[in-house]
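Just below is one structure, and these are the notes that go with it.
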Amino acid sequence: MGDLGDYNHREIEEKWSRFWIERNLYHVEKPDARSRFSVVIPPPNVTGSLHMGHALNATLQDIVVRWWRMRGRKVVWVPGFDHAGIATQYVVEKQLQDQGKTRFDLGREEFIKKVWEWVPRSREAIRTQFEKIGVSVDWKRERFTLDEGFSRAVRKAFRELYEAGLIYRGEYIVNWCPKDRTALSDLEVEHEEETGKLWYIRYPLEDGSGYITVATTRPETMLGDTAVAVHPEDERYRHLIGKRVRLPLVNWKRKTIRGEEVGPLIPIIADERVKTEFGTGAVKVTPAHDPNDFEIGRDHNLPFVKVMDERAVMNENAGEFAGLDRYEARRRIVERLKEMGLLEKEEDHVHAVGKCYRCKTVVEPVVSVQWFVKVTDPRIRDTSIKVVEEGLVQREEREVHLQIAEVSGLTVTVPVVDDVSGTTRAVLVLAEGVEFLAGTREGDLAYIYHLEGRDDLLDEAKRFADIFLGRGGFDFLVGLEGEISVVRQGVESRIDRGRYVVVAEGDRVVLYSREETPRPLQVIERGKARLEPAHKSIKMRVERRKEVREEKKRVLFIPEHWKRFYLDWMYNLKDWCISRQIWWGHRIPVWYCEDCGAENVFTDDDFDRPYDKIIFNLIADGKIGNDFTPEEVEKVIKAPNFVHPEMTVLDFYKRFAFHKYHSTDMDANSLRLFLTQEANPMAMLTPGVSTRGLYRYDPKTKRWRMVLRCKKCGSENLKQEEDVLDTWFSSALWPFGAFGWPEKAEDLKNLYPTDLLVPGFDIIFFWVARLIMMGTYFMKDIPFRDVYVHALVRDEKGQKMSKTKGNVIDPLNIIDKYGADALRFTLAILTVQGRDIKLSEKRFEGYKHFANKIWNAARYILMNTPEDFLSKIPYMAPMRSEDKWILTRLNETADEVNRSLEVYDFSRAARAIYEFFWTDLCDWYIEMTKERIYRKAETEEEKEKADAERTTALYTLHYVLEKALRILHPFMPFITEEIWRRLPSADGESISLKEFPEKAQEEVFPEEARRVERLREIVSTVRSLRSDLQIEPSRRLKAYFRTEDEETKSVVNEFRTHILNLARLETFDEVDSRPEGTVATFSGDLEIFLSVEGEVDLGKLREIYMRRRRKVLSDLERVNRKLSNENFLKKAPEEVVEKERRIKEELEEDLRRIDRILSIIEG
RNA sequence: AGGCGGGUAGCUCAGUCGGGAGAGCGCAGCCCUUACAAGGCUGAGGUCACGGGUUCGAGUCCCGUCCCGCCUACCA
């Protein structure tokens, strides 16, 4: 069928990436809540580009997502981006800095404009990279945390929390970055060990009776001291408690944050938080600049004196030091104290210094007014703990149907969808010959088929049907006295999560129900089921009843240990500071009344007409100013949307935010009319038009204005909060915000909760925890079921990749050099739980070789496939053992991959498919087919036979390749798509929409598989000897064999041709004894004699067998030691003892053979 | 300080139920055998960190120690 040519990853990947996107292959318009699999991508920051961590993250999700899609789920994977407040602002500020400007030079509005100019470029770059990696996301559902819908959701969320008393504004000590000039949350501060100094400073007692010495690492803060604290039990200082000291240097009046004046005389107080062992045991207290001191200050009612401004420059409270940078002030203060003799000593001191995670500036703890989410409230924290610890119980009332069919004979066999019931979830085999099927679909029907005369089983069947319906269906088969009993990891864990416990008892597995009387069941093969009634005359009746269903909604961390990690943090939770003094982000939707001081939270809920809502949102988003013209509004609303440029902003609103207002159009004219009516008092006379005084026209400027009024006093004198929200506040809404919340959107109903979240462990607190908090609070439901937490990507030395270290491996570069398939496969196979991934470029190279191998295997198959191949298939010869063997291996591989992916064991899955492709398929099977593929026939009769056999080999090759490609597809989507599309058997648009292979019992042939394994041993033995004798492969040798074992003999006879080809032999005949001039070896009970012409290095040969002998002897010794141990014989299980005995026999047999060979060599 | 993860071949890592130590890469030898030299075949290479315990039997379970990595907290 023609030659594939060489593997060119660039061409292939580019082609299919485009194809998938252009065809919208991964868009599902209306996913059914039951069959869906929904995932939201952790939105990457719109700063810079993707790094290897993103590549890993995207790859792992895509593997799972493609796998589920192929398994029949309607997969929706939502992509998107995070506006990343501080990070993005930092990048743009840096660009300004290069021009010698700061954001303050530009002003808020201009600055934000700059960011909006820059963001799309970055977003495009990231999007392209995602496409290159091959992510099968639904681009039509793409979102941005700062898009119109999200901004609205953020305001809504803020309002709900505010009104529930879960958001408050308060004075608190926060981490302040003097460079970015904003507050940071605790999580945004990185601690680094540094060697600093510890200064011991004497504070003279007021009464002149001496002094008390305090130690500090930040002497500059002493200017803000308002007390000295000691431990109440500390004997050294007890007598000083209540006295006062004179703060050195400070001979000026200081003002507290409330405006009161404070003098230099400060009290010595007692507080249990003071550690007697540290420093001198006396501590200076600076409530406005230290977290601990803040608490002490609050509890003791101390004055708060701030001595620095927002740039960490000393302020007017610093008297003579005012205007100095904090470090300069520190130097001078130390100097002055030294002069005054008040510096007792200074010593080196290692301590952790908090730094801004973004710009690495040392943060300054400072008291300020900030907004907080009260995450410590039980409504948030307790629920968030509960859904992880035990699960949230949800009650749902529904109608349940049981459909009972009576048939006179039926069989239960394979494939997946049964035409009667839709998706088949489970088949219960209650007793031999009497089965029923519990399938579920819309309306919850369980179909119970039973044989006439076996009504005794009906009750049992109903009971199980209820269980299956209650759980939304299982997807494995269960049988009572079933024939097979295979336990699988995936099944086990799946059951364990629900209400079943699996216990292995002896040679069978027992499934215990937790709620009901334990009832033993066997778990048998997972598979697909179809009911095939023998007779069409089925008597049916339907029973229906109301049922209250309780479902446990639980968030499951994988690997499990992250659960502990998460919970520990939740137990020690602190309120979350959400205000940031930056400009890029969601401005807090609070308007302060300048007259009465009230805080007003506005959202578009305050208005009920679409126009009002849209105008309000545009203003709140800063898209238009408070004053506007209808033309300006039209311009904004008709402009291409940022996230979906194919839509206008108005379209975007309709699609993602205002579902109810589909028909609303909005242009300057209609707006003008609307506003005029609104403002015209005459309109009051027009029926149906209301005027609320919401808009006002200024004839001078010809601009309109939306009038917001204080909800308390009615004043129009409102001013919006300047601060914006922490980025994580909006991304915490991601899994429901992206689906249209707060609207009751279709997507929200169908896709929430999501099925899986894949974050890196570094954002468990930042993001995962907050997702759980906000998700459970707003949705009363978990945001996701499984959280697969992956490791970090490091360089080959195990160091974090960073630009400054210059050890980054750029995914784009790797994709270019080795291909996205190689990149993905490498990341997948290196992803083992609980370990960081160490990467070096060589790894990618290695797995590119794998891609190449696959390519060439396909090339071999296709180049030997005749054009009329399909028409020949009906005339093909029966399958041979090796065909059945490769089918067996194929199915075992499918099974292994499925089981591994069920538990997110990416590495294991990838290794299984690698091993199969390379070793089984390429190294052995393809080699074995060459005999049939290349056979030349002489006579007509032979030719026909050869043709039929060739067709069989080709058929098997095609069959196996096609299925193997499907197994491989989630890992290597591009190459598999390319090859698959070239196969004559390809039917369909894309391999990614085909079914993922499951183990099919009818394609498993244990007998043939065993025989081929034996063949492989024999071939390897001959090859090994050849290699030992250094006989080049081109020399065909005569060889002979001898065995007593009929089984072995038949293997040799069946596969003689293969042995000749694979071991490069001329003949392989049976003999009674070793022929002259031959060298012997053996494989189990098969003795092999190789006819070697010319010199043989007997010394070397002897050495080889001596080494083998030593190995056998040491093994024998181990076995003998065991077998001579009475306790072993007494206590070990019979089969283990048996096994050891067998090993002993084998080893002794081997030893005899080796000795015989050695005696020949020596004799 | 507390917690988590890890220590197995030169390197990176698997190792399921406690029952004969594995893979890939690298290395060495032989080979351009009609899919693939980005390949084939063969081979060498191990005190499973250390000590103790449980057990007939421990890489695997328990206790302790030592290293490495990470996280969290504190550090006036």
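Please read these numbers as outputs of a predicted model, since none were measured by experiment. To find a chain, count down the sequence lines: A is the first, B the second, and so on, and within it residues start at 1.
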- Message: Between A/H849 and B/C36, is there a contact of a side-chain N or O with OP1 or OP2 at under 4.0 Å?
- Response: no

- Query: If you check the A/F761 side chain, which of B/G40, B/G19, B/C70 turns out closest?
  - Reply: B/C70

- Can you tell me the Watson-Crick or wobble partner of B/G10, both distances under 3.5 angstrom? B/C25

- Query: Given that A/E915 and A/S907 both sit by RNA chain B, which one's nearest nucleotide is further toward the 5' end?
  - Reply: A/S907

- Message: I want to verify a distance call: between B/C71, B/C31, B/C56, whose nearest atom is closest to the A/E1032 side chain?
- Response: B/C31

- Query: If you take atom types as modelled and just measure distance, does the side chain of A/R899 reach the base of B/U16 with a donor-acceptor pair under 3.5 Å?
  - Reply: no

- Message: Is the ring pair A/Y7/A/W855 parallel, tilted or perpendicular, if the boundaries are 30 and 60 degrees?
- Response: tilted

- Just call it for A/L1147: base, sugar-phosphate, or nothing, with non-hydrogen atoms closer than 4.0 Å on any strand. base

- Message: Please report the distance separating the C1' of B/G18 from the corresponding atom of B/A58, rounded so that it comes out in whole Å.
- Response: 6 Å

- Quick one: is A/W918 getting a side-chain N or O under 4.0 Å of the B/G40 phosphate, OP1 or OP2? yes

- Query: Would A/S907 and A/R911 satisfy side chain to side chain donor-acceptor pair (under 3.5 Å), going step by step from the backbone distance to the final call?
  - Reply: CA-CA 6 Å; A/S907 182; A/R911 281 198 309 265; 2.8 Å; yes

- Query: Hey, are A/R273 and A/D299 close enough for a salt bridge, meaning a charged N less than 4.0 Å from a carboxylate O?
  - Reply: yes

- Give a yes or no on whether the backbone of A/D816 and the side-chain of A/H9 come within a donor-acceptor separation of less than 3.5 Å. yes

- Scan every strand shown for a Watson-Crick or G-U wobble partner of B/C17, both distances under 3.5 Å, and answer none if you come up empty. none

- Task: Hunt down the Watson-Crick or G-U wobble partner of B/C32, both distances under 3.5 Å, from any strand shown, or write none.
- Result: none

- Paired to B/G5 by Watson-Crick or G-U wobble criteria (both distances under 3.5 Å) is B/C68

- Counting side-chain heavy atoms from C-beta on, which of B/G19, B/G24, B/C56 comes nearest to A/K1131? B/C56

- Item | Distance between C1' atoms of B/C13 and B/A21 (Å, rounded) | 14 Å

- Query: Which part of the nucleic acid, if any, lies within reach of A/K930 when heavy atoms closer than 4.0 Å are counted: base, sugar-phosphate only, or nothing?
  - Reply: base

- Query: A/V274 near the nucleic acid: base, sugar-phosphate alone, or nothing, with a heavy-atom cut-off under 4.0 Å?
  - Reply: base

- Task: Among A/F825, A/F917, A/Y818, find the residue that satisfies the ring pair (Phe, Tyr, Trp, His ring centres under 6.0 Å) test when tested with A/Y847.
- Result: A/F825

- NA contact type, A/R1026, heavy-atom cut-off 4.0 Å: base, sugar-phosphate, or nothing? nothing

- Identify the nucleotide, in any strand shown, that forms a Watson-Crick or G-U wobble pair with B/G51, with both distances under 3.5 Å; if there is none, say none. B/C63

- Closer than 4.0 Å, any side-chain N/O of A/S1024 to the OP1 or OP2 of B/C41? no

- Task: Would you classify A/V214 as touching base, sugar-phosphate or nothing, given that sugar-phosphate means primed atoms plus P, OP1 and OP2, and contacts are heavy atoms under 4.0 Å?
- Result: nothing

- With rounding to whole Å, what would you report as the distance between B/C32 and B/G24 at their C1' atoms? 25 Å

- Query: Considering heavy-atom distances to RNA chain B, does A/Y7 or A/K284 have its closest nucleotide positioned more toward the 5' end?
  - Reply: A/Y7

- Task: Check every strand shown and say whether A/D923 touches a base, only sugar-phosphate, or nothing at a heavy-atom separation below 4.0 Å.
- Result: sugar-phosphate

- Counting heavy atoms from C-beta on, name the nucleotide in B/U72, B/U16, B/C56 closest to the side chain of A/P1133. B/C56

- Query: Taking the side chain of A/D1028 as its heavy atoms from C-beta onward, which of B/U42, B/C36, B/U33 lies nearest to it?
  - Reply: B/U42

- With rounding to whole Å, what would you report as the distance between B/G45 and B/A9 at their P atoms? 14 Å

- Message: Given B/C74, B/G29, B/C71, identify the nucleotide with an atom nearest to the side chain of A/S1027.
- Response: B/G29

- Compare the minimum distances between each of B/C30, B/G24, B/A38 and the side chain of A/N852, then state the nucleotide with the smallest one. B/A38

- Query: Is the backbone N or O of A/G819 less than 3.5 Å from a side-chain atom of A/R10, with the two atoms forming a donor-acceptor pair by type?
  - Reply: no

- Can you figure out which of B/C41, B/C25, B/G5 approaches the side chain of A/H561 most closely? B/G5

- Go ahead and name the base partner of B/C74; Watson-Crick or wobble counts if both distances stay under 3.5 Å, otherwise write none. none

- Task: Under 4.0 Å between any heavy atoms, over every strand shown, what does A/I829 touch: base, sugar-phosphate, or nothing? Just pick one.
- Result: nothing

- Could you check whether A/R911 gets within reach of a base, just the sugar-phosphate, or nothing at all, counting any heavy atom under 4.0 Å? sugar-phosphate

- Here the distance between atom P of B/C74 and atom CG of A/L198, to the nearest Å, is 18 Å

- Salt-bridge test for A/R859 and A/D6: reply yes if a basic N is under 4.0 Å from a carboxylate O, no otherwise. yes

- Between A/K930 and A/E927, does at least one N-O distance fall below 4.0 Å, as a salt bridge requires? yes

- Of all the nucleotides listed (B/G20, B/C74, B/U42), which has the minimum atom distance to the side chain of A/E1146? B/G20

- Message: So A/S1020, base contact, sugar-phosphate only, or nothing? Heavy-atom distance under 4.0 Å.
- Response: sugar-phosphate

- OP1 or OP2 of B/G40 under 4.0 Å from side-chain N/O of A/K853: yes

- Query: Within the structure shown, what part of the strands sits under 4.0 Å from A/E1140 by heavy-atom distance: base, sugar-phosphate, or nothing?
  - Reply: sugar-phosphate

- Query: When all nucleic acid strands are considered with a 4.0 Å heavy-atom cut-off, which category describes A/S1034: base, sugar-phosphate, or nothing?
  - Reply: nothing

- Atom C1', compared across B/G22 and B/G46: separation rounded to whole Å: 11 Å

- Query: Between B/C27 and B/A44, how far is it from one C1' atom to the other, in whole Å?
  - Reply: 9 Å

- With respect to the side chain of A/D568, which nucleotide from B/G20, B/G3, B/G29 is positioned closest? B/G3

